[in-house]
Protein chains: 2
Amino acid sequence: MNIGSAAKKSGISERMIRHYEKIGLIPAPLRRDSGYRDYSDADVQRLNFIANARDLGFTMQEIGELLDLWGDEHRASAQVKSLALAKAEELGRKAKALSTMRSSLLHLAENCHGDDRPGCPIIDVMAGQD
Amino acid sequence: MNIGSAAKKSGISERMIRHYEKIGLIPAPLRRDSGYRDYSDADVQRLNFIANARDLGFTMQEIGELLDLWGDEHRASAQVKSLALAKAEELGRKAKALSTMRSSLLHLAENCHGDDRPGCPIIDVMAGQD
DNA sequence: ATGAACCCTGACATCATGTCAGGGTCAAGC
DNA sequence: GCTTGACCCTGACATGATGTCAGGGTTCAT
């Protein structure tokens with residue numbers, strides 16, 4: 001199938017499919033006489049794998065490792081589990097950091113009267129006048 | 001003072017100070033005969049403002065708006081509060097998204113035996129074989 | 001007056017992704 | 001068979017925040 005169909009089926013843009021090919025994340029597909037790329041269902045499956053891993057928050061580099069493990073029939077699931085747990089921990093840290101920022105902002109906003117008077121603790125804190 | 005001192009005081013790299021100047025986030029400072037930029041304490045305060053806002057999770061564009069509000073003596077604090085609340089909401093959404101990803105990963109990892117056998121639900125889900 | 005530490009500009013790199021330009025290909029309808 | 005619109009190709013430039021490097025000028029203490 002053409003790249004457009006592969007893009008639709010996988011939810012990955014044509015642009016990124018070509019990009020993933022260039023950086024070696026996916027194998028270069030066969031070309032027709034016209035030069036058009038020709039994708040198989042297996043190719044689309046690999047793209048779907050990438051899309052799913054991306055949705056789970058993995059970086060492109062990590063996705064590369066997961067793809068290697070996926071293709072390795074003799075992989076130890078321990079490796080995959082370890083990657084997943086490390087990622088989960090990282091996501092947890094990031095989520096907590098965002099929550100902390102959110103709390104700070106809400107706390108500051110609580111003490112901002114929010115009318116047309118000029119004083120505002122949010123601004124004051126950022127200006128270092130706290 | 002020189003850019004190096006301003007960088008140390010504000011915690012913003014020299015590279016980024018020059019960059020913020022180029023994109024108009026901070027005013028171009030006076031130059032000495034040598035061509036060296038010469039920063040005042042007010043300049044450093046502005047840089048500190050930027051650093052603090054960045055720490056609170058604002059994007060550079062939002063920081064630009066906040067800087068405008070900061071400089072506007074007649075600003076309505078309502079505008080600042082509104083920006084802050086919108087940001088808090090956005091941060092909350094992002095945090096929740098990360099938590100959701102984290103839960104998915106942990107759930108998958110729970111069902112992965114994590115030894116040297118090849119089967120692994122984490123991989124299976126990403127491969128779409130669920 | 002010499003060397004270290006500092007400053008200048010400009011350019012290239014990152015990462016994931018978009019878009020645009022200029023040009024070739026395919027398929028359907030006439 | 002020819003036209004037309006939809007599709008594909010490559011390559012290049014852009015984003016945003018940041019790093020780094022090169023090649024060259026400045027300042028200051030010894």
Side-chain angles (χ1 to χ4, degrees), chain A residues 1-40 43-44 46-67 87 90 94 97-98 101, chain B residues 1-40 43-44 46-67 87 90 94 97-98 101:
Chain A
M1 82 192 74
N2 281 341
I3 195 173
S5 308
K8 263 178 211 154
K9 283 198 190 179
S10 64
I12 294 183
S13 70
E14 301 181 17
R15 172 72 176 77
M16 291 316 295
I17 294 179
R18 296 196 189 99
H19 179 62
Y20 292 158
E21 176 184 330
K22 192 172 302 180
I23 65 177
L25 205 57
I26 57 175
L30 293 177
R31 299 291 187 119
R32 304 193 192 175
D33 289 350
S34 61
Y36 284 20
R37 290 172 178 80
D38 196 5
Y39 293 94
S40 68
D43 292 328
V44 172
R46 195 173 175 93
L47 289 172
N48 273 318
F49 185 103
I50 293 172
N52 288 329
R54 211 174 40 178
D55 287 348
L56 284 171
F58 287 95
T59 65
M60 285 304 122
Q61 202 195 349
E62 291 163 336
I63 290 175
E65 295 171 36
L66 288 169
L67 282 169
K87 197 69 203 174
E90 183 191 332
K94 286 188 182 169
L98 288 183
M101 287 189 245
Chain B
M1 80 194 75
N2 282 339
I3 195 172
S5 308
K8 264 180 209 152
K9 284 198 190 179
S10 65
I12 293 184
S13 71
E14 302 181 16
R15 172 73 176 79
M16 290 316 292
I17 294 179
R18 296 195 189 98
H19 179 63
Y20 292 159
E21 176 184 330
K22 193 174 302 181
I23 64 177
L25 205 56
I26 57 175
L30 293 177
R31 297 293 186 118
R32 303 190 194 178
D33 289 350
S34 60
Y36 283 19
R37 289 172 179 80
D38 195 5
Y39 293 93
S40 68
D43 292 328
V44 172
R46 194 173 175 93
L47 289 172
N48 273 318
F49 185 103
I50 293 172
N52 288 329
R54 212 176 37 180
D55 286 350
L56 283 172
F58 287 94
T59 65
M60 286 303 122
Q61 203 196 350
E62 291 162 338
I63 290 174
E65 296 172 34
L66 287 169
L67 282 169
K87 197 68 202 174
E90 182 190 333
K94 285 189 181 168
L98 288 183
M101 290 190 243

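Model, not experiment: these values are computed from the prediction. Labels below follow one simple rule: chain letters A, B, ... track the order of the sequence lines, proteins then strands, and each chain is numbered from 1. What you see below is based on every heavy atom in this structure, not just the backbone, and it leaves out hydrogens, waters and symmetry mates.
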inquiry  = Just the rounded figure in Å: distance from P of dT25(C) to CD1 of Ile3(A).
reply    = 17 Å
message = Using whole Å, what does the distance between atom C1' of nucleotide dC26(C) and atom CZ of Arg31(A) come to?
response = 17 Å
task = Give one of base, sugar-phosphate or nothing for Arg37(A), where a contact means two heavy atoms less than 4.0 Å apart.
result = sugar-phosphate
key: Sugar-phosphate only, base, or nothing, as touched by Thr59(A) at under 4.0 Å among non-hydrogen atoms   = nothing
query = Checking only heavy atoms, does the side chain of Arg18(B) share a donor-acceptor pair with the base of dT9(C) at less than 3.5 Å?
reply = no
Passing option when Asn2(B) is tested against Glu14(B), Lys8(B), Arg32(B), Arg37(B) for side chain to side chain contact (heavy atoms under 4.5 Å, CB included) = Arg32(B)
task = Return the value, rounded to whole Å, for the distance between atom CE of Met16(A) and atom C1' of dT19(C).
result = 14 Å
ask   = Rounded to whole angstrom units, what separation is found between the NE2 atom of His19(B) and the C1' atom of dT15(D)?
value = 11 Å
request  = Measure from OH on Tyr20(A) to P on dC15(C) and round the result to the nearest Å.
outcome  = 13 Å
request  = To the nearest Å, give me how far apart CD1 (Ile63(A)) and C1' (dC15(C)) are.
outcome  = 13 Å
message = For Met1(B) versus Asp38(B), what's the shortest heavy-atom pair and its separation?
response = N-OD1, 2.7 Å
task = Report the nucleotide, chosen from dT17(C), dT18(D), dC7(D), that has the shortest atom-to-atom distance to any side-chain atom of Arg54(A).
result = dT17(C)
inquiry  = A side-chain contact here means heavy atoms from C-beta on lying under 4.5 Å apart; do Ser13(A) and His19(A) qualify?
reply    = no
task = Verify the contact: side-chain N or O of Arg15(A) to OP1 or OP2 of dC13(D), cut-off strictly under 4.0 Å; return yes or no.
result = no
request  = Using a 4.5 Å cut-off on heavy atoms from C-beta on, say whether the side chain of Arg31(A) contacts that of Tyr36(A).
outcome  = no
ask   = Roughly, in whole Å, what's the span from CD in Glu14(B) to P in dG19(D)?
value = 11 Å
query = Within a strict 4.5 Å, meaning less than it, do heavy atoms of the Leu30(A) and Tyr39(A) side chains meet?
reply = no
key: Salt-bridge contact Arg18(A)-Glu21(A) (side-chain N to carboxylate O under 4.0 Å)   = no
Would you tabulate the nitrogen or oxygen pairs shorter than 3.5 Å linking the protein to nucleotides 27-30 of chain D?
from	atom 1	to	atom 2	distance (Å)
dT27(D)	OP1	Ser34(B)	OG	3.3

key: Nearest non-hydrogen partners of Asp43(B) and Pro29(B), listed with the distance   = OD2-CB, 4.4 Å
inquiry  = Both Ile23(B) and Gly35(A) contact DNA chain D. Which one's nearest nucleotide lies toward the 5' end?
reply    = Gly35(A)
task = Using whole Å, report how far CD1 of Ile17(A) lies from C1' of dC7(D).
result = 14 Å
